[in-house]
Every structure is written in C-alpha cells, then in structure tokens.
Amino acid sequence: MPELPEVETVMRGLRACLEGRVIARAVANRPDLRWALPEGLARRLTGARVASFRRRGKYILMRLAGGSSVLLHLGMSGRIVVGRLRPNQPTLHEHLVLETEDGARVGLIDPRRFGSIDLVETAAEDAHRLLAGLGPEPLSDAFTPAVLSRALAGKRTPIKAALLDQGVVAGLGNIYVCEALFRAGLSPRRSSHTVPGRRATRLVPAIKATLTEAIAAGGSSLRDYVQPDGELGYFQHAWKVYDHEGEPCERCPGAPCRGIVRIVQSGRSTFYCPRTQR
DNA sequence: CAAGAATCCTGTCAGC
DNA sequence: TGCTGACAGGATTCTT
C-alpha cells in the first residue's frame with residue numbers, strides 16, 4: 001500500500017515515538033520477510049539508542065547511535081502499529097516488535113511479507129544495493145523538468161510505466177502516478193519520449209503538488225501521526241481518478257465526458273480521463 | 001538491452 | 001452461507 005506520502009507519514013510517526021529513545025527489547029518473530037532478516041537483528045537492536053530517521057523513496061532509514069542504520073521497506077501490506085495492543089487485538093503477522101525503555105511499543109505487521117529489513121553502515125547508506133539505483137527524490141530541488149526529461153529521453157514505454165520505475169524518480173507508486181498524470185493532463189498511455197520539454201515542465205510540478213498535498217493530509221488528520229487504534233501513517237485520501245472508474249471527471253463537468261476509465265498497463269490498473277488527459 | 005510477464009505472499013471481495 | 005477466482009497500493013527476477 002504505502003507510497004511516498006504514506007511512508008513519509010509513517011516515518012514521522014516512528015520519529016515521534018522512537019527518536020532519542022533506547023530500545024530495551026527487540027523481538028523478531030520470524031527469520032525472514034521478503035529476504036532473510038540480518039543476522040542477529042534483534043540482538044543488535046537491543047540496547048541501541050535511536051539517533052534519527054530519514055526517508056529515501058519508499059524506504060525508511062532508522063539510524064542507531066552506534067553507526068549502523070536499519071533499512072525498512074513496507075512492501076505492499078506493511079503497517080506500523082504503536083502503543084499497547086488491546087487484549088483481543090490480533091498480533092498475527094506482527095514480525096518485529098520494538099519496546100523502548102520508557103514504555104513505547106512499536107510493531108511491524110506485514111501479512112504479504114513483500115516488505116524488507118536490512119542493516120547498513122550509516123556512512124554508506126546510499127550505496128546499499130536497494131538504494132543505489134534510485135532516482136531523484138521527487139520533492140527535492142534535484143527533481144527538475146530537465147532531470148526528468150533526461151531520464152525519459154528515448155524511452156518507448158508509456159509514461160505511466162516510466163514513472164513507476166524507481167530509477168526514474170523515487171517514491172511514486174500506482175496511485176500517485178495516476179493522480180499526478182491526471183493533474184498534469186497527460187495520458188498515461190503517452191510514450192515517454194514525447195514528454196521531455198513542455199510536458200515535463202507541467203508534470204514535475206504536478207508530481208510535487210500531488211505528493212505534498214497527500215503528506216499534508218496525513219499529517220493534519222492525525223495527532224502525532226497516531227490513530228486511535230495505534231496505526232501509523234494511513235489517512236483519508238482524496239483521490240481524483242484512482243479507483244474512480246465510471247465516475248465523472250471533475251475537470252469536465254457537464255462536458256461530453258465518458259468519465260474515468262480503467263485500463264491495464266503492464267499488469268497494473270491505470271485510471272484516467274481520456275478527454276482531459278492527452 | 002529494454003520491456004513485459006511471472007513471481008513472492010495473504011487478505012478481501014464479487015459472483016455464483 | 002460457503003466456495004472460488006480475481007485482484008490488491010511493490011519490486012526483483014525471469015523471459016521475450
């Protein structure tokens with residue numbers, strides 16, 4: 001589920017409850033998620049002080065005082081829950097639990113186990129094999145129309161597929177690609193090589209605005225990013241095209257608009273308005 | 001070499 | 001109600 005805005009919101013929630021704290025207890029409930037967990041993960045976390053957090057694409061990095069960092073990806077179904085579990089609250093699929101000295105409890109739940117956890121030297125974070133190939137951060141100044149244009153030049157794949165490629169830009173997923181293309185008025189079917197130039201100049205601000213608004217929705221609707229049930233990072237979305245097949249598009253009220261359609265591109269659902277997205 | 005398909009898992013939901 | 005199949009927001013690995 002989580003794309004950049006959700007990962008950002010989860011990271012802020014983790015920061016609120018873990019930064020500066022000492023992990024008194026760590027329990028790994030299975031030896032692997034997508035891949036084997038690092039050797040001795042729970043042991044290495046126990047007693048460590050959490051120094052800081054950062055996000056890179058859809059990855060969360062939790063830096064420990066000793067010079068190593070935990071690299072976390074939530075995959076498709078990863079969630080973080082904080083606080084004491086209610087007596088009947090199921091702990092099924094809770095693969096990792098952290099408890100701090102001051103009583104906070106953080107659990108990682110991931111039924112599908114597409115998520116991953118690794119340890120990496122803090123000084124070499126960006127050289128990790130999972131981070132080395134990532135494209136620019138979409139919300140940074142490094143992500144410009146010129147940079148995107150260069151990444152798309154010569155590509156024959158549909159722009160939808162190119163934006164899902166984490167090497168082109170890091171952090172977009174199926175939902176926010178659909179939303180950003182709608183905002184930019186670009187068809188998801190358009191060949192990538194036709195985007196550089198004027199269209200990239202529209203697309204980059206559309207991506208930034210889409211992500212920024214989603215993050216703001218996450219931060220503003222929660223107190224310290226924690227919901228009553230203890231889950232971090234999920235919030236009411238206001239998607240304009242994603243999962244709105246057959247509904248009228250807000251860009252063409254009263255117009256001869258067939259509404260939002262769903263197509264399949266490289267096996268994934270795409271939603272768009274064929275009249276306003278060209 | 002680039003692009004699309006298959007794949008890893010489990011949960012949910014529509015349809016019969 | 002219960003079963004079955006399709007599908008799900010990711011990203012690597014395999015195949016064409």
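Order of the sequence lines sets the chain letters (A, B, ...), proteins ahead of strands, with each chain counted from 1.
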To the nearest angstrom, the CD-C1' distance between Glu179(A) and dG9(C) comes to 12 Å
Within this structure, what is the CZ-CG distance for the pair Arg202(A) and Leu186(A), rounded to the nearest 0.5 Å?
4.5 Å
Mind calculating the distance between CD (Gln265(A)) and P (dA5(B)) to the nearest angstrom?
11 Å
hbond_proxy Arg156(A) side chain to dA2(B) base (donor-acceptor, 3.5 Å cutoff):
no
Could you check how far CD of Glu3(A) sits from C1' of dG9(C), rounded to whole Å?
5 Å
Does the side chain of Ser116(A) get closer than 4.0 angstrom to OP1 or OP2 of dA11(C) through an N or O atom?
no
For Leu72(A) and dG10(C), what is the distance between atoms CG and P respectively, to the nearest whole Å?
15 Å
Cation-aromatic face contact Arg63(A)/Phe53(A), 6.0 Å, 45 degrees
no
Length of the CG-C1' vector between Leu211(A) and dG9(C), whole Å
14 Å
Watson-Crick or G-U wobble mate for dT10(B), both contacts under 3.5 Å:
dA8(C)
For the residue pair Arg129(A) and Trp35(A), would you count it as a cation-pi contact if the rule is NZ or CZ under 6.0 angstrom from the ring centre and within 45 degrees of the ring axis?
yes
Rounded to the nearest angstrom, tell me the gap between atom CG in Asp165(A) and atom P in dA3(B).
9 Å
Pick from Leu131(A), Leu74(A), Val7(A): which one makes a side-chain contact (heavy atoms from CB on, under 4.5 Å) with Tyr59(A)?
Leu131(A)
